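Keep in mind it's a predicted model, so treat the numbers as computed, not measured.
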Amino acid sequence: MKAHERFPLVPIARGQGVWLYDFDGRRYLDAVSSWWVNVLGHANPRINAALREQLEAARARHARRFTHER
C-alpha cells in the first residue's frame, strides 16, 4: 500500500480561489490541483458569470435549433 493511502480522505464541501473548505469550515491550500485551477482558481467569479450567461441563453433556444442568433 502506498504511504499516502494510509491517511483518511478529507471530504471537500467547496473551493474558492486557491482554497478548499471541508464540511466543518476548515480551509486547506490546494497545492495539487489541475493546471487550470492553479491558474484561474476554484469558483472563479468571471468564469461562473460567463457560464451562467451561456446557460441562460441556451435555455431560451428551441431544442432543434442549436445555432447562433441570426
Taking all heavy atoms of Gly15 and all of Ala43, pick out the closest pair and write down the distance.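 It is O-CB, 3.5 Å.
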
Heavy-atom pair of closest approach, residues Phe23 and Pro11: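 Answer, listing the atom of Phe23 first, then Pro11: CD1-O, 3.8 Å.
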
Side-chain cluster (under 4.5 Å, hydrophobic types only) that Val10 belongs to, other residues: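 The other cluster members (ILVMFWY side chains, heavy atoms under 4.5 Å, direct or chained) are Ile12, Leu20, Tyr28.
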
With ILVMFWY side chains joined below 4.5 Å, transitively, what does Val18's cluster contain besides itself?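 Its cluster partners, ordered by chain and number, are Trp19, Tyr21, Leu29.
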
Would you mind listing every side chain to side chain donor-acceptor pair (under 3.5 Å) that reaches into residues 34-47, with sequence neighbours excluded?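 Listed once each, the pairs are Asp30-His42.
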
